[in-house]
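Each remark here refers to the structure printed beneath this line.
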Amino acid sequence: MFLSGKDSFYFSLLVILNIILLLPGSGGNALLTQGDESMHIATIRESLASSSYLFPKFEGILNLYKPPALFWVGMASDALLGVGYFSERFPSFLLFCGTSVLIYIGLRRAKGSVRSSFSVALAYTLTLGVFKFSRLAMMESLLAFFITAVSVSILEFRLFGNRVWLFVGGLLSGMAILIKGPVFQVYSGVILASYSVIRIFLISEKGRWSGKRRIGKELLNHIVFHSSSLIVPGIWVGALLFYSELGKEFLKVFLFTENFGKFSAATVNQPEWIIPGGLLLYSFPFCIILAAAFFSKLLYKVRNTAELVGSSFLWSTTAILLIHLSPNRKDFYYLLPMIPLAFLGLGLFSIRKKGVEFSRSLLWNFFFSLGFSIILLVGMGLFDMIMEDPFWQEALFFVFLLGMIWFFRRSFTREGVPSIVVANLLMGLGLLSYIQFSILPKLSLYEVPQEGPLRLAKQICIVSENPWTALNFKNDLIGADIVHSVPGAERNCADGTRFLVVYQKGFIIPPGYSHVQTQEVWKRDISSVQELIGPSKGKEQIYIFGPNRRIDSKSESR
């Protein structure tokens, strides 16, 4: 698609920066977690071990409530790279890297300059949503990639009129049903229809409506797109019904129960602000410039096809935001897959500008990021004082912020907007690097000990109120036989051979056991500053007990 040496350079640089920024920490525990990931990883490993490829399994039963594509890519990665956190999360990195590359390609196809296309694509890579979810085995990576791929296919069609790209976009949309179910067809349909509505109801400068003749063409476009989107789901549904008696039940739950369950009266209706709040949160540190694009461009009078498509992308994001306000169940990450669509829309509006279009917003975005960084630095300095940790990482970040202020004062007045774009990108790069390499390692107190006798245990009983805690141990201690017991019922698994991991103070040690290890973790609910500055420093202990018989047998063997 690109032949110039400059394109090759920026394309390669974008991929290299994605590798440097998104891969570190993928195989460890110093990351921003998401609760469902433990279940996803457990399902991937259990399904691979039991060869349950068509119907993924979780704790011995079919996992009907999650899309199969997420587990399929995880199983494929585990089979190729070996079972482990890095393998299961590696596809997320590839997909987010691919999303960034697709943004670059889409903007270049729309005649965007190499530098502006690169800047928008890199800005997306530097968002908090990509930073977090590229290191997690979650479906959001698949959704973001396929929404971007469908959008770029639609963009290609709108720019050059070749309906082959509509067919390709529909095919990709059909594949994505295996990620999100029929809801993805709503997403892609809205993206395609937004442009159609704008074109049909566009009023000429003389106040005349000329969209009547476009209705037939737009209907044909939708027929081509949605017809091709039925190919992959049709094959999949046929395979399920033909090869398995469970296929009908699987489809019933996957296509209907899971999606309509979000509207259930049994689910508490969560606040509507969560959805737009999540869009701003996960587009950080570029949320100011993104919000400015929505406020200034939704009702903007477009001047060319690229801006018209950009407007349709912003309207699509808004429409999907409104759709997600309807269900009772909401979460901050629901609109995460729409963020690349918003960046595409923003980029399409800046293609034929000389850099002045968003200069004020870029300026405010820089000061916002700088202010947040200073507050974060002060907070981490106080944290280091309380925890008696070294300050050298905070000192380095302080020097970085001074350098950013110097760069801003020296170059912005001379070079104008290009410098403020670079300043925003450098600020995002430094801030997210500081979070990954300084803040997260300091804040990460993982429940599973990384050394000690428990690492060698083959049979373990987790005694806790929350059964999901056992998943963390199951995923981290590969090959160990792990069961869960609620407090008071631990006698069911305290059989003298299993290690006991206890989330309870004052636990009465069963006969035949001895305390062998203690693991410090953060308290689940820190209600006041006093808990942080008190003797416990906001921490509590997990107690690990080993069976005496096993310990004695080891000492006798010596």
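Counting begins at 1 with the first residue of the sequence. Not measured: the values here are computed from a predicted model.
Considering Gln34, Glu37, Gln436 as possible partners of Arg135, the one that fulfils the side chain to side chain donor-acceptor pair (under 3.5 Å) test is Gln436.
Asn365 places a side-chain N or O within donor-acceptor distance of the main-chain N or O of Ile289, the cut-off being under 3.5 Å. Proximity of a side-chain donor or acceptor of Asp384 to a complementary backbone N or O of Phe391 within less than 3.5 Å is not detected. At least one donor-acceptor pair under 3.5 Å links the side chain of Ser283 to the backbone N or O of Leu280. Between the side chain of Asn424 and the main chain of Leu362, a donor-acceptor pair closer than 3.5 Å is present. Glu88 places no side-chain N or O within donor-acceptor distance of the main-chain N or O of Phe86, the cut-off being under 3.5 Å. Formation of a donor-acceptor pair under 3.5 Å by the Ser77 side chain with backbone atoms of Val73 is not found in this model. Between the side chain of Ser188 and the backbone N or O of Gln185 there is at least one donor-acceptor pair closer than 3.5 Å.
Under the 4.5 Å side-chain criterion, counting only non-hydrogen atoms from C-beta, Leu370 is not in contact with Phe408. Counting heavy atoms from C-beta outward, Val232 and Ile177 have side chains that stay 4.5 Å or more apart. Residues Ile478 and Arg45 meet the side-chain proximity criterion, which asks for heavy atoms closer than 4.5 Å. For the pair Phe146/Lys180, no side-chain contact is recorded, criterion being any heavy-atom separation below 4.5 Å from C-beta on. Under the 4.5 Å side-chain criterion, counting only non-hydrogen atoms from C-beta, Tyr195 is in contact with Val309. Taking the side chain as every heavy atom from C-beta outward, Arg455 and Asp476 approach each other to under 4.5 Å. The shortest distance between side-chain heavy atoms of Ile191 and Ile147 falls below 4.5 Å. Between Leu321 and Tyr334 there is no side-chain heavy-atom pair separated by less than 4.5 Å.
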Steps toward side chain to side chain contact (heavy atoms under 4.5 Å, CB included) verdict (Phe90, Leu23): CA-CA 8 Å; Phe90 186 64; Leu23 268 186; 4.0 Å; yes
Audit row: Phe313, Ser151, side chain to side chain contact (heavy atoms under 4.5 Å, CB included) steps and yes/no: CA-CA 8 Å; Phe313 285 168; Ser151 300; 4.0 Å; yes
Side chain to side chain contact (heavy atoms under 4.5 Å, CB included) between Phe160 and Trp165, worked out: CA-CA 10 Å; Phe160 303 106; Trp165 287 104; over 6 Å; no
Step-by-step side chain to side chain contact (heavy atoms under 4.5 Å, CB included) determination, Thr125 to Phe131: CA-CA 7 Å; Thr125 294; Phe131 174 84; over 6 Å; no
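For the residue pair Ala121 and Ser100, the shortest heavy atom distance occurs at O-OG, 3.1 Å. The shortest non-hydrogen separation linking Ser444 to Leu31 is OG-N, 4.2 Å. Of all the heavy atoms in Pro285 and Leu431, the pair that sits closest is CB-CD2, 4.5 Å. Pairing each heavy atom of Ser87 with each of Leu81, the nearest pair is OG-CB, 3.3 Å. Annotation for Leu166 and Val224: closest pair CB-CG1, 4.1 Å, computed over non-hydrogen atoms. Residues Tyr282 and Thr127 come closest through the heavy atom pair O-CB, 3.4 Å.
Enclosure of atom CE in Met385 is not indicated, since only 12 or fewer non-hydrogen atoms of other residues, nucleotides or ligands lie within 6.0 angstrom. Applying the 6.0 Å contact sphere to CH2 of Trp468 captures more than 12 heavy atoms from other residues, nucleotides or ligands.
Taking CG of Leu376 as the reference point, atom CG of Leu401 lies at 9.5 Å (rounded to 0.5 Å). Distance CD1/Ile274 to CG/Leu335: 12.5 Å, rounded to 0.5 Å. One distance of note links CZ of Arg109 with CG of Leu159; it measures 8.0 Å at 0.5 Å rounding. If you take CG on Leu14 and OG on Ser119, they are separated by 10.5 Å, rounding to the nearest 0.5 Å. From Ile275, atom CD1 reaches atom OH of Tyr333 across 10.0 Å, with rounding to the nearest 0.5 Å. One finds the CZ atom of Phe58 at 9.5 Å from the NE2 atom of His40 (value rounded to the nearest 0.5 Å).
The aromatic ring centroids of Tyr434 and Phe400 lie 6.0 Å or more from each other. Here the two rings, on Phe332 and Trp273, have centers that are under 6.0 Å apart. The ring of Tyr10 has its center no closer than 6.0 angstrom to the ring center of Tyr104. Not less than 6.0 angstrom separates the ring centroid of Phe225 from the ring centroid of Phe157.
Under a 4.0 Å N-O distance rule, the pair Lys442/Asp389 does not qualify as a salt bridge. At a threshold of 4.0 Å, the pair Arg158-Glu218 counts as salt-bridged, since one of the basic side-chain nitrogens sits closer than that to a carboxylate oxygen.
Cation-pi geometry between Arg163 and Phe167 is not met: the NZ or CZ atom fails to fall both under 6.0 Å from the ring centre and inside 45° of the normal.
Between Tyr124 and Phe96, the angle of the ring planes lies from 30° to 60°, which puts this pair in the tilted group.
In the model, Ser229 has no side-chain atom that pairs as donor or acceptor with a side-chain atom of Ser173 under 3.5 Å.
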